[in-house]
Every structure is written in structure tokens, then in C-alpha cells.
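One structure is given here, and the rest of the page talks about it.
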There are 2 protein chains.
Amino acid sequence: MGRPTIADIAREAGVSKGAVSFALNGRPGVSEATRERILRVAEAMQWRPHSAARALGGARAGAVGLVLARPARTLGVEPFFGQLLSGLQAVLSANQVALQLLVVESTEAEIEVHRRWASEHRVDGFVLVDLQVRDPRIAVLEELGVPSVVLGGPGRHGRLPSVWADDREAMLSIVDYLAALGHRRIAHLAGLPAFQHTQRRIRALRDSARRHGLEAVSVPTDFSDAEGAAATRALLARPERPTAIVYDSDVMAVAGLGVAAEMGVSVPGGLSVVSFDDSVLTRIVHPALTALSRDTFALGEQVARSLLALIDDPSAAEDLRTPTPRLTVRESTGRPLGTVG
Amino acid sequence: MGRPTIADIAREAGVSKGAVSFALNGRPGVSEATRERILRVAEAMQWRPHSAARALGGARAGAVGLVLARPARTLGVEPFFGQLLSGLQAVLSANQVALQLLVVESTEAEIEVHRRWASEHRVDGFVLVDLQVRDPRIAVLEELGVPSVVLGGPGRHGRLPSVWADDREAMLSIVDYLAALGHRRIAHLAGLPAFQHTQRRIRALRDSARRHGLEAVSVPTDFSDAEGAAATRALLARPERPTAIVYDSDVMAVAGLGVAAEMGVSVPGGLSVVSFDDSVLTRIVHPALTALSRDTFALGEQVARSLLALIDDPSAAEDLRTPTPRLTVRESTGRPLGTVG
DNA sequence: ACCTCGCGCTAGACCGGTTTAGCAAAGAAC
DNA sequence: GTTCTTTGCTAAACCGGTCTAGCGCGAGGT
């Protein structure tokens with residue numbers, strides 16, 4: 001005999017299938033004595049639910065989906081996703097919910113997967129990341145009616161609830177700090193312009209620079225180390241080069257650090273470097289990078305909690321703001337040369 | 001009406017459920033004309049299979065499992081896993097197979113998840129990584145009878161097929177290269193001693209050093225940047241310090257580079273640095289690191305292909321050797337100071 | 001004594017597919 | 001012309017759960 005089914009347990013315990021189902025799911029319909037007897041039998045026979053059979057009865061699939069639209073080979077460069085995944089898992093697995101992960105090449109493919117998984121009843125909900133400026137995924141997920149949580153905000157995300165951190169405030173704190181050190185020309189190596197958070201950071205920098213009365217420029221990139229390095233090279237080659245550069249990702253920041261070394265620009269003497277993302281990367285390089293620290297693991301946990309709550313009660317959609325990232329000052333920032341303390 | 005079922009299609013096309021099933025799965029039992037009519041109707045109604053219903057009939061679950069036993073917060077530090085995941089996905093998703101991912105804290109928990117997923121019929125097979133010296137997971141998976149592929153070898157892995165690269169050969173090529181440059185004292189910052197590949201690399205270094213008649217020492221670590229840095233500091237503080245260090249991971253290598261800078265040891269003049277793993281990390285630091293390059297993405301693809309083949313035909317278990325990693329020389333290695341070319 | 005209620009349980013429909021047994025009609029073999 | 005095969009299809013069982021309708025029974029109310 002293969003795996004025991006509830007029918008086997010029912011026979012063994014001398015009750016009906018229905019009674020077994022009630023007992024195993026802790027719902028009324030059987031007496032306490034019978035319930036215990038059934039549980040003992042189930043335990044003895046090492047019974048486990050068959051997830052497909054459960055999902056078939058219109059119930060939960062017991063899994064949530066995360067689809068990443070990125071070029072296939074670039075995943076794993078960003079420590080961010082590893083951290084996020086770990087956080088998601090910590091909460092999901094505690095609730096016996098599995099995570100279905102898929103990496104695809106484009107947003108169109110991602111939407112197609114959303115449709116497929118939803119209609120195949122493979123998942124109970126989705127996590128949406130990399131929110132774009134006019135994100136086509138929002139409407140599709142709303143139409144599909146699958147509970148979904150957006151990571152990012154507070155921009156437009158339709159009726160889907162989001163979990164977000166205030167990166168505008170974060171950018172302001174960076175500029176305040178650099179201005180206080182005496183920097184007057186700040187560059188910003190931004191990420192993909194299509195992302196909402198890229199736009200928010202660019203705007204925040206512009207506003208803040210105006211208030212402080214200093215020069216600031218944002219250069220969009222594709223988040224890759226190659227573009228980060230190339231853009232840094234271009235900036236440092238200008239006659240009036242910036243005394244500080246803010247990088248939107250730690251990979252670009254490290255690449256920038258390499259370029260500075262290559263061009264003989266000392267850090268932080270000749271150039272201050274700030275990373276908008278913190279990870280082990282920022283600590284293992286030399287000099288260690290000043291960076292915005294946020295608890296990505298905790299962020300993942302929060303997203304998972306929000307999604308599970310939404311699945312339990314689809315009417316309870318609610319945005320949730322997480323703590324604003326704090327600036328961790330390390331060795332890569334200082335007063336620009338020529339400034340007297 | 002909700003999602004269309006094959007019953008709806010059958011009614012619409014004027015045939016029975018069975019005929020629809022035959023037609024949609026491309027198997028004999030219906031005429032070509034009927035098949036096309038059914039396919040057109042299914043297309044028009046936007047029918048999608050209900051994965052749970054399929055899995056229930058004793059058929060495939062349409063998913064494979066990957067369980068990682070690591071401290072929750074450390075995932076994402078190693079670019080290796082991102083690459084591996086991408087490779088796995090590329091093949092799996094082309095075959096409409098999903099990947100169930102879970103990160104757990106210990107090997108015991110990992111085994112428990114294997115048991116649960118297998119008995120819940122959630123997955124059709126498993127990918128096993130981080131092969132240990134006497135790995136308790138092997139026996140469990142063999143007992144469960146779930147198709148599984150081991151990443152790593154050629155050590156003991158029972159009757160489970162494995163996909164592996166020859167890291168013994170790889171280590172030999174590193175030592176040959178360093179010896180040719182004139183190095184006579186080589187250190188090796190190894191990974192966790194419990195891993196099979198750690199042991200193989202340590203043995204390979206010892207054997208090779210003996211043949212070349214040079215001094216070599218392996219220091220075990222936990223793969224973390226912290227231990228990598230600490231061990232490097234200890235090595236460089238010795239009176240007779242090594243002129244070259246081989247790091248088992250790129251994260252440790254970068255951390256070691258930082259320590260060298262901090263202690264005023266020039267690279268590659270005072271110290272040559274080699275990383276056993278290649279990723280964007282080794283290229284963005286300065287100096288760029290000489291490293292063993294293997295195509296981790298392709299490795300993931302191969303593992304996925306092997307697993308799918310094994311699921312299709314469980315008797316076809318076969319080990320598969322992938323190309324030996326090749327040494328990519330960059331700027332972090334050179335002749336030791338005091339050596340005349 | 002009768003009706004009502006709630007409890008504890010059973011029987012069986014149901015979810016959406018796959019698969020098998022079987023049937024009618026047409027074609028082939030003798 | 002009868003028998004055997006093959007083709008194309010249908011009906012229904014089946015997978016392993018969930019869930020609803022309903023039944024027998026003892027307790028409580030009148």
C-alpha cells in the first residue's frame with residue numbers, strides 16, 4: 001500500500017471519511033474523544049495531506065508566487081533578493097505556505113506567468129517587486145482577482161496594498177549629510193528610469209539640492225556594474241568633477257570605487273561614495289562604504305505577513321510603511337579636499 | 001461562470017470529457033478533425049489546465065523542489081545561488097515545471113521538508129546542493145523514492161545521480177599556475193570542512209604542493225566574509241607569511257583583498273589572490289581578481305535537464321561531468337616580490 | 001406525550017482532470 | 001456472408017480530499 005489516505009484512516013478508526021476530515025482540520029463535527037482517536041490513528045499511519053487533493057476542492061493551493069522579470073543571468077548579483085527571499089520564506093514556511101519562484105526575461109512574460117499560475121490555481125497570491133512607473137501588471141492582477149502585495153511605493157499601485165519604505169526621506173538624509181560635510185557638487189548614479197523608486201530618488205535629490213543651494217545631477221543606468229563603472233569614469237573625467245557620488249545600488253557603488261582607484265582618485269579625500277543599498281558587499285571592500293541600511297530580511301517578512309493576511313481576508317487591503325532606511329557612515333565619506341574643518 | 005473546465009469545452013464542442021482530454025494532450029483516441037475542433041474551442045474559451053486536478057490523478061505535480069539549509073539571513077551573499085537558480089529556471093520553465101524554493105535553518109529541517117513535500121505530492125523531484133561528507137539526506141531521498149539529482153561529486157551520493165565538475169583538477173591548475181609564477185608559500189582559505197568539495201580541495205592542494213615541493217596550508221572557515229577577513233589577517237601577521245592565498249569563495253577573496261589593503265600589503269606585489277569562484281564581484285573590485293570561472297548558469301541548466309530526464313524515466317540515473325572550471329587571470333596575481341623574471 | 005433543538009456522525013456529491021472498459025460502425029480477412 | 005480488427009468515441013470510475021444534507025438520538029421545554 002502506498003501513502004495512507006483519509007479513507008484508510010476512516011476504516012482503521014471505524015468512522016467515516018467526513019469525520020476524519022473534521023478531526024484532522026480541527027473543526028466541529030466530532031466529539032473530543034473521537035477526534036483524539038482519529039488523530040492517534042493518523043499519526044500512527046504517518047498520514048500527510050495530499051496538497052493537490054486539497055487544492056482541488058476549491059480550497060487553498062498552499063503556495064504564493066514570486067515572478068522576477070530580469071535577464072536570466074543577472075539574478076544573484078544583487079544581495080537584495082537573497083535577503084528578501086529569506087525574509088519571505090521565514091514567514092511563509094512558518095505558515096506551511098510554499099514559495100513558487102520564477103525568473104523570466106520580460107514584463108510581458110511575467111504577466112503571462114501570473115495569468116497561468118492564477119488560472120491553474122497554482123498559487124493563492126503574488127508578491128510584486130520592481131514597481132514601474134506605469135506598471136501594466138497592476139491592472140492584470142486586479143482583473144485576475146488574486147490577492148497580491150506590492151513591494152514599493154507610495155506611488156501608483158491601484159487597489160493593491162503595498163509595503164514600502166520612504167526612500168525620499170532617505171535621499172534627503174544623504175544630501176543633508178553630504179552638504180554638512182561641505183560637498184557642493186553631488187552626482188547620483190540612478191537605476192532604471194522605468195522604476196518608480198528611481199524617479200522618486202531623482203526628484204528628492206533635485207528638491208534637496210535646490211534647498212541646500214548646491215549642484216546635483218542624476219545619471220540613469222541599468223543597475224549593472226558595467227554602466228556604473230562607465231558613468232563614474234565619465235563623471236570623474238569632467239573638469240568640474242563631483243566631490244561625492246550617490247549610487248543607487250551597492251554593486252554600482254563598488255564598481256565606482258574600483259574606477260576611482262584606477263583613476264587615482266582617493267576615497268574619501270578626492271571623492272565621497274555613498275551606496276543607497278547596504279549588504280555584505282559594502283563592508284568587505286576597502287574603504288568600507290557609507291550606505292543606507294535597511295533591514296531587507298524584515299521587509300521580506302512584512303511582505304509575507306501582509307500577503308497571508310490578504311489571502312485570509314481579501315477585503316483587508318492596507319498599505320504598510322516600514323522604517324525609513326538609516327545612513328550608516330563608514331570610511332568612504334568625508335570632507336572634500338580643500339575644505340577647512 | 002468562472003474558469004472553463006474540460007466539461008464546458010466538451011459541451012461546447014459536442015463531445016465527451018474523455019475526448020477533450022485526449023485531444024488536449026495530443027494522444028490517440030480522437031480523429032484529427034475532432035481534435036482540431038476541440039482545440040479551437042479550448043482556445044476560444046481560454047481554457048487552462050487546473051494543476052491540482054492533474055496532480056490528483058496520480059500524475060505529475062508539475063514542480064520540483066530545492067531546499068537550502070542555511071542561516072536565514074545569509075542567502076544572497078553568494079552570487080552562486082542566483083546564477084544556479086536562473087539556470088535551473090531557464091530549463092524548468094521551458095518545460096512548464098515550477099520551482100518550489102525553501103530556505104531552512106538546518107539539515108534536519110531540510111530533511112523534514114523533503115519528507116513533507118514528497119508525501120504531500122507537491123513536487124516530482126528534488127535538487128540537492130551543498131553535499132556533505134556523510135550526507136544524511138541521501139538515504140532519506142533514496143527511501144522516499146523521489147527522483148533527485150545531486151549537485152556535486154564525484155564523492156559518495158548513493159544511487160542518486162549527480163552533476164559535477166572536477167574541482168580537484170581545478171585546484172591543481174591553480175597551484176601549477178602559482179608555482180610557475182615563483183610562489184613557494186601558498187595558503188588556502190577553505191570552506192566548511194563538512195562539505196565534500198572542501199575536503200577534495202584540501203586534499204588536492206596537499207597533493208599538488210608535495211609534487212611541486214612547496215609549502216601549503218589550508219585553513220577551514222565558515223565561508224563568511226568575517227572569517228575570511230580574520231583568517232587573512234592571521235596569515236599576513238605570520239613572520240613567514242604566504243605570498244599567495246587561494247580563497248574558496250569570492251566573498252572571502254574580496255574580504256581578504258580589503259584586509260591586505262588595510263595592512264598595507266600590495267596586491268599582487270606583496271600577495272597574490274585567487275578566488276575559487278567567479279562572479280561579478282571579482283570583476284568590480286580593484287585590482288580585479290584572478291578566479292576560477294565556471295558557468296554556473298549552465299550548471300543549473302544541466303541539473304534541471306538531468307532531473308527532468310530522471311523524472312521521465314527513473315531508471316535512467318546517470319552521473320554527468322561538466323567542464324572543469326578554467327582559471328581566468330586578472331590583476332590580483334603576479335610574481336612574488338624578490339623574484340627575478 | 002409531543003415537539004424542538006443540538007450533537008455526533010454518515011453517506012455521498014463534488015472539485016477537474018485522467019484513464020479504462022466498452023460500444024457502434026466501418027473495413028479487412030477468410 | 002460471417003468473423004475479426006481497427007477506429008472514434010462515450011460513460012463512468014477514479015484520484016484524495018472538502019463539504020453539505022440528513023439521520024438517529026438524547027436533552028429540554030411545554
Side-chain angles (χ1 to χ4, degrees), chain A residues 1-39 41-42 45-63 96 116-124, chain B residues 1-39 41-42 45-63 96 116-124:
Chain A
M1 193 187 75
R3 169 215 334 293
T5 70
I6 56 166
D8 299 322
I9 297 178
R11 194 175 337 100
E12 190 75 12
V15 293
S16 69
K17 277 172 60 184
V20 174
S21 180
F22 292 143
L24 292 171
N25 291 289
R27 56 181 71 205
V30 287
S31 67
E32 208 44 50
T34 311
R35 180 188 307 278
E36 283 202 11
R37 183 158 46 91
I38 292 174
L39 288 179
V41 173
M45 300 181 80
Q46 297 203 43
W47 175 87
R48 309 284 186 117
H50 191 301
S51 64
R54 269 213 172 127
L56 188 50
R60 301 281 162 75
Q96 313 269 44
R116 200 169 74 223
W117 284 2
S119 62
E120 287 181 356
H121 221 143
R122 228 177 231 289
V123 297
D124 300 317
Chain B
M1 194 186 77
R3 170 215 333 294
T5 71
I6 56 166
D8 299 322
I9 298 178
R11 195 178 332 104
E12 191 75 12
V15 293
S16 69
K17 278 172 59 182
V20 174
S21 181
F22 292 143
L24 292 172
N25 291 289
R27 56 181 69 206
V30 287
S31 67
E32 210 44 52
T34 311
R35 180 188 308 277
E36 282 203 12
R37 184 159 44 90
I38 292 175
L39 288 180
V41 173
M45 300 180 80
Q46 298 202 41
W47 175 86
R48 310 285 186 113
H50 191 300
S51 63
R54 260 201 182 142
L56 188 50
R60 302 283 160 73
Q96 314 269 43
R116 201 170 72 222
W117 284 1
S119 63
E120 288 181 356
H121 221 142
R122 227 178 231 290
V123 297
D124 299 318

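Below, chain A is the first sequence line, B the second, and so on; all start at residue 1.
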Ignoring backbone atoms, establish whether [X] has a side-chain N or O less than 4.0 Å from OP1 or OP2 of [N].
{"X": "A/Arg54", "N": "D/dG16", "result": "no"}
{"X": "B/Thr34", "N": "D/dG8", "result": "no"}
{"X": "B/Thr5", "N": "C/dC15", "result": "no"}
{"X": "A/Ser16", "N": "C/dT10", "result": "yes"}
{"X": "A/Trp47", "N": "D/dG16", "result": "no"}

B/Val30 to B/Phe22 - nearest heavy-atom pair and separation =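 For B/Val30 and B/Phe22, the tightest heavy-atom pair comes out as CG1-CB, 4.3 Å.
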
Provide the closest heavy-atom pair for A/His121 versus A/Ala61 in the form atom of the first, atom of the second, distance.
->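 Residues A/His121 and A/Ala61, closest heavy atoms: O-CB, 3.5 Å.
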
Contact nearer the 5' end of DNA chain D, comparing B/Gly29 with A/Arg48 =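 Between the two, 5'-proximity favours B/Gly29.
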
Report each atom pair, protein N/O against N/O of nucleotides 21-24 of chain C, whose distance is under 3.5 angstrom.
none

Closest listed nucleotide, where the reference is the side chain of [X] and the choices are [options]:
{"X": "B/Lys17", "options": "C/dC9, D/dG16, D/dA13", "answer": "D/dA13"}
{"X": "B/Leu56", "options": "D/dT18, C/dT18, D/dG16", "answer": "D/dG16"}
{"X": "A/Val15", "options": "C/dT18, D/dT18, C/dT10", "answer": "C/dT10"}

Backbone N/O of B/Gly29 and side chain of B/Arg35: donor-acceptor pair under 3.5 Å =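 Checked: no pair found.
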
Output yes when a side-chain donor or acceptor of A/Arg37 lies under 3.5 Å from a complementary backbone atom of A/Ala13, and no otherwise.
->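 Side chain of A/Arg37 to backbone of A/Ala13, a donor-acceptor pair under 3.5 Å: yes, one is there.
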
Mapping B/Arg27 and B/Ala53 to their closest nucleotides on DNA chain C, which lands nearer the 5' end?
->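 Whichever sits nearer the 5' end wins; that is B/Ala53.
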
A/Met45 side, atom CE; A/Ile6 side, atom CD1 - distance, nearest 0.5 Å =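 Rounded to the nearest 0.5 Å, the CE-CD1 separation comes to 12.0 Å.
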
Counting any heavy atom closer than 4.0 Å, what does [X] reach on the DNA or RNA strands: base, sugar-phosphate only, or nothing?
{"X": "B/Val20", "value": "nothing"}
{"X": "B/Ser21", "value": "base"}
{"X": "B/Arg35", "value": "nothing"}

